2 protein chains.
Amino acid sequence: MATNPYPRTKRGAERREQILRAAEAMIGTQGFSAASIADITRHAKTALGTFYIYFSSKEDVFRELVLEMGQLTRAMVTQAVADAPNRLEAERAGLKAFLRFVAERPSLYRIVEEARFIDVEAYKAYFTNFAKAYAAQLREAEASGELRPGDAEVRAWALMGIAKTLGERYVLWDETADIDHVVDEAYSMIRDGIAP
Amino acid sequence: MATNPYPRTKRGAERREQILRAAEAMIGTQGFSAASIADITRHAKTALGTFYIYFSSKEDVFRELVLEMGQLTRAMVTQAVADAPNRLEAERAGLKAFLRFVAERPSLYRIVEEARFIDVEAYKAYFTNFAKAYAAQLREAEASGELRPGDAEVRAWALMGIAKTLGERYVLWDETADIDHVVDEAYSMIRDGIAP
DNA sequence: TTGAAATATGAATCAGTATTCATGTTTCAT
DNA sequence: ATGAAACATGAATACTGATTCATATTTCAA
């Protein structure tokens with residue numbers, strides 16, 4: 001259940017990373033149950049038993065991948081949003097960055113979504129943490145008059161929902177979609193709504 | 001792989017339905033892989049082998065449940081939206097109806113989401129069909145001036161994303177949430193956006 | 001009423017794979 | 001340089017659960 005101790009040697013650290021990357025590739029493409037430990041270690045060019053030196057179970061690597069994804073996503077969005085002139089532009093930039101991220105690491109995206117069925121706690125933590133930070137930003141912007149007043153938490157979840165679904169539809173399913181167009185249209189709706 | 005022929009006798013039709021309902025209950029609460037055929041038939045008070053008279057595999061019942069969910073959701077939303085005075089009010093009514101549906105049949109909702117990992121085609125079909133009808137409605141409303149012009153397809157997916165995520169966060173995860181409040185806030189954002 | 005088709009049963013088959021472990025090999029602080 | 005701690009190996013273990021099948025029982029059209 002618990003994560004194994006971190007490797008003490010350089011070789012150990014490298015092996016662990018190899019296995020983690022192999023797990024990302026295998027679980028990300030085949031899914032959690034279809035990806036076997038044997039697949040993972042084969043892909044990592046290491047022996048089967050080596051897996052258990054670094055991870056205590058398949059669920060364990062999986063959890064680590066979900067955590068990693070959370071950190072990566074947050075870091076990437078934070079950075080993408082950093083130099084937006086105001087909150088509205090930050091929304092556009094954040095959405096675009098997220099969709100780009102999905103395009104670049106579709107496997108990690110899939111892993112996060114599958115977490116819902118493998119490790120609910122990790123899944124909830126991922127989105128709850130993200131939503132908390134997101135809502136705080138919205139509240140600040142609202143206070144400074146950059147946004148119309150409204151429930152920041154509901155808005156944060158709604159906006160995350162938009163990003164997730166558009167990522168799935170226009171990035172994962174449709175490799176020819178015009179991302180910029182999608183972002184523009186979604187942003188327009190987010191900013192001004194659909195009322196005439 | 002293919003669905004078995006529909007039962008010829010009354011008893012057969014009843015058994016099939018029993019098993020389908022048991023599969024909904026088991027897969028909906030335990031998840032696809034954790035729910036065994038033995039669980040399902042035990043819950044349906046029938047013998048293990050009986051399952052295979054009506055369904056060719058576990059994936060087969062699962063697919064049927066996803067289809068059923070699609071029909072139910074569409075029927076329910078269509079009806080809820082039927083007597084809205086205009087498209088904007090239809091949006092509010094549709095969102096509220098969807099959240100109520102999630103509250104009433106959390107297991108079917110979970111099944112649809114898990115379909116993404118068990119039967120991608122069924123999953124895509126579910127949302128693609130829904131989105132197609134949804135976008136058509138939006139286009140009509142736009143043509144009659146009830147909505148501000150915009151890409152109806154992107155809007156449809158974005159709006160579905162909002163509904164899905166709010167359903168997950170405020171209905172499945174939080175049984176004490178004030179659904180009406182959530183609907184009002186989300187609707188306000190959908191109608192007028194977040195710009196001041 | 002009757003027998004061919006449908007349906008019911010659950011033990012047995014069959015396949016897959018997560019995890020362990022006994023046995024080497026490598027690393028690195030001393 | 002050296003030996004105790006880390007790490008590597010993959011065959012063997014242990015278990016689960018989907019699917020099949022030979023054998024009853026029930027249904028219902030003729």
Side-chain angles (χ1 to χ4, degrees), chain A residues 1-65 111 114 117-119, chain B residues 1-65 111 114 117-119:
Chain A
M1 286 287 139
T3 305
N4 293 1
Y6 195 82
R8 310 280 182 104
T9 69
K10 194 186 171 202
R11 179 178 60 153
E14 284 165 0
R15 274 277 189 284
R16 190 180 195 284
E17 183 64 17
Q18 271 176 40
I19 294 175
L20 193 59
R21 295 282 68 83
E24 176 187 340
M26 294 297 102
I27 298 180
T29 53
Q30 331 238 342
F32 183 80
S33 44
S36 68
I37 305 293
D39 285 336
I40 294 171
T41 51
R42 197 177 310 120
H43 195 259
K45 294 182 194 310
T46 185
L48 216 179
T50 308
F51 178 91
Y52 290 92
I53 294 171
Y54 300 105
F55 303 97
S56 60
S57 67
K58 206 166 130 182
E59 278 80 5
D60 190 34
V61 226
F62 187 77
R63 184 178 318 119
E64 177 146 345
L65 287 172
I111 286 168
E114 193 167 11
F117 302 103
I118 309 297
D119 187 336
Chain B
M1 286 291 141
T3 304
N4 294 1
Y6 196 82
R8 310 280 182 106
T9 69
K10 194 183 167 203
R11 180 180 58 153
E14 285 166 359
R15 274 278 188 285
R16 189 180 196 282
E17 182 64 17
Q18 273 176 40
I19 293 174
L20 193 59
R21 295 282 69 83
E24 176 188 342
M26 294 297 102
I27 297 181
T29 54
Q30 332 236 345
F32 183 80
S33 45
S36 68
I37 305 293
D39 285 336
I40 293 172
T41 51
R42 198 178 308 122
H43 196 259
K45 294 184 194 308
T46 187
L48 215 179
T50 307
F51 179 91
Y52 290 91
I53 295 172
Y54 300 105
F55 302 96
S56 60
S57 66
K58 206 166 132 183
E59 278 80 6
D60 190 34
V61 227
F62 188 77
R63 184 178 319 119
E64 177 146 345
L65 288 172
I111 286 167
E114 194 167 9
F117 302 103
I118 309 297
D119 187 336

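Everything quoted here is computed from the prediction, not taken from an experiment.
- With distances taken from any side-chain atom of B/Ala47 to the nucleotides C/dT9, D/dT20, D/dA11, the minimum falls on C/dT9.
- With salt bridges taken as basic N to acidic carboxylate O contacts below 4.0 Å, one links B/Arg21 and B/Glu24.
- In this structure, the CZ atom of A/Phe32 is 10 Å from the C1' atom of C/dA18, given to the nearest Å.
- Between D/dA8 and A/Arg15, a contact under 4.0 Å exists linking OP1 or OP2 to a side-chain N or O.
- The side chain of A/Arg8 contributes an N or O atom lying less than 4.0 Å from OP1 or OP2 of D/dA6.
- Atom CZ of B/Phe51 is separated from atom OG of B/Ser57 by 7.0 Å, given to the nearest 0.5 angstrom.
- Nucleotide C/dA6 holds its C1' atom 13 Å from the CG atom of B/Asn4, rounded to whole Å.
- As a whole-Å value, the separation of B/Lys10 NZ from C/dA8 P is 14 Å.
- B/Ala35 comes within contact range of the sugar-phosphate backbone alone, with a heavy-atom separation under 4.0 Å but no base atom that close.
- Relative to the side chain of A/Tyr52, the nucleotides C/dA18, C/dT9, D/dT9 differ in distance, and C/dA18 lies closest.
- For D/dT9, one of the phosphate oxygens OP1 or OP2 lies less than 4.0 angstrom from a side-chain nitrogen or oxygen of A/Thr46.
- Rounding to whole angstrom units, CD1 of residue A/Ile118 and C1' of C/dA18 are separated by 14 Å.
- A sub-4.0 Å separation between OP1 or OP2 of C/dA8 and a side-chain N or O of B/Tyr54 is present.
- A/Ser36 comes within 4.0 angstrom of the backbone, heavy atoms only, and of no base.
- Checking D/dC7, D/dT19, D/dT26 against the side-chain heavy atoms of B/Arg11 singles out D/dT26 as nearest.
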Are A/Thr41 and A/Thr50 close enough, and set up right, to give a side chain to side chain contact (heavy atoms under 4.5 Å, CB included), and what steps lead you there? CA-CA 8 Å; A/Thr41 51; A/Thr50 308; 5.5 Å; no
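- Using a 4.5 Å heavy-atom cutoff, the side chains of B/Asn4 and B/Ile53 are not in contact.
- To the nearest angstrom, C1' of D/dC7 lies 11 Å from CD1 of A/Ile19.
- As a whole-Å value, the separation of B/Lys58 NZ from D/dT20 C1' is 17 Å.
- Among the nucleotides C/dA8, C/dA18, D/dT19, the one closest to the side chain of A/Ile37 is C/dA18.
- A straight line from CG of B/Leu48 to P of D/dT20 spans 12 Å, rounded to a whole angstrom.
- A sub-4.0 Å separation between OP1 or OP2 of D/dC7 and a side-chain N or O of A/Thr9 is present.
- Distance CD1 (A/Ile53) to P (C/dT26): 14 Å, rounded to an integer number of Å.
- Taking the charged nitrogens against the carboxylate oxygens, B/Arg63 and B/Glu59 have no contact shorter than 4.0 Å, which rules out a salt bridge.
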